[in-house]
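Atoms within a ligand are numbered from 1 in the order they appear, just like the ligands themselves.
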Amino acid sequence: MRLYSGPLSMFGAKVEIAALEKGLPVKVFMVPYDPQRGYEPKHPDVVRINPKRQVPVLIDGELEIFDSTQILEYFEHLSPEPALWPVDPKARAAARLLEHRADEVYFPHIIALMGLQATPEDPAAVAARASAAAFYGEMEALLADRAFLAGTLSYADIGFFMASLFGERMGAVMGRETPLLLAWREAMASRPAVRQVAGAMMDYLTSIGRPVPQFMTAAAAG
Ligand SMILES: N[C@@H](CCC(=O)N[C@@H](CS)C(=O)NCC(=O)O)C(=O)O
């Protein structure tokens, strides 16, 4: 399988981590990305396959699909073990909703912060950090009786880990008021698949002179 991703694509990283967790043979191609110009020029395969012109895009023979969540669903059918969705239908639906919320409810606050890096005290930035903190509180409550967000390790953990890594970079930090979430993040950061993929992303950040969150440096040091 060919996966098109980008060096700072949290959505592509979700897919890469999932492929490693499942032991799926995926070759990753990084599309052009520049800190100033972003994802330009667009890769021709990405433009051809995804009308939104975004990564990640996956090619498996004649199958050509886009969107991280769609790709994760394909992985689960392709390789049911190790399962990355719970088996019970209600637990599975709840896990899917968590993964969706990480992408579509939490991450938009982080995207807002990306555009407000020069004005961190702007009311919109303050509101985005408050919304992220409220989300952390909800995840903390879930972890009261389980090690992972949906019970066992799932795509919800992978997705929220990557989204929250960008949150940390943008100043929506997790603090001591969410100790269970901090422990969850540490456990996620130590997983070999996460270390490999998120570690490469941190190396890229370092190469372009950007800071790396302290918890990732600690995880890399083992
Ligand atoms: N919902 C999509 C989001 C994909 C997305 O936002 N990709 C970004 C990189 S992380 C991208 O390709 N941006 C380039 C652009 O929008 O031009 C998914 O889950 O795959």
Would a line drawn from the ring center of F75 to the ring center of Y155 be shorter than 6.0 Å?
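Here the rings of Y155 and F75 have centres that are no less than 6.0 Å from each other.
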The one among V57, D103, D67, V31 that brings a heavy atom closest to atom 1 (N) of ligand 1
D67
Below 4.0 Å from ligand 1: does a non-hydrogen atom of G6 turn up there or not?
no
Does K42 come within less than 4.0 angstrom of ligand 1, counting non-hydrogen atoms of the residue?
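Within the 4.0 Å threshold, so yes.
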Any nitrogen or oxygen of Q54 lying under 3.5 Å from a nitrogen or oxygen in ligand 1? Just yes or no.
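Min N/O separation from ligand 1 is below 3.5 Å for Q54.
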Would P56 count as a polar contact of ligand 1, with the cut-off being nitrogen or oxygen pairs under 3.5 Å?
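No - when backbone and side-chain N and O of P56 are compared with those of ligand 1, no distance drops under 3.5 Å.
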Going by the order shown, which atoms of ligand 1 are within less than 4.0 Å of some heavy atom of Y39?
9 (C), 13 (N), 14 (C)
Step through the shown structure and confirm whether more than 12 heavy atoms of other residues, nucleotides or ligands are within 6.0 Å of CD on E64.
yes
Checking Y136 side chain against E177 main chain: does a donor-acceptor pair fall under 3.5 Å?
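No, Y136 side chain to E177 backbone: no donor-acceptor pair under 3.5 Å.
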How far is [atom] from the closest protein heavy atom, and which atom is that?
atom	answer
atom 10 (S) of ligand 1	S9 OG, 3.2 Å
atom 12 (O) of ligand 1	V55 N, 2.9 Å
atom 19 (O) of ligand 1	S68 OG, 2.6 Å

Rounded to the nearest 0.5 Å, what separation is found between the [atom1] atom of [X] and the [atom2] atom of [Y]?
X	Y	atom1	atom2	result
L58	S68	CG	OG	11.5 Å
L72	E76	CG	CD	9.0 Å
S9	E16	OG	CD	9.0 Å

For F215 and F161, take the angle between the two ring planes, folded into 0 to 90°, and tell me which bin it lands in: parallel under 30, tilted 30 to 60, perpendicular over 60.
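The rings of F215 and F161 stand perpendicular, inter-plane angle above 60°.
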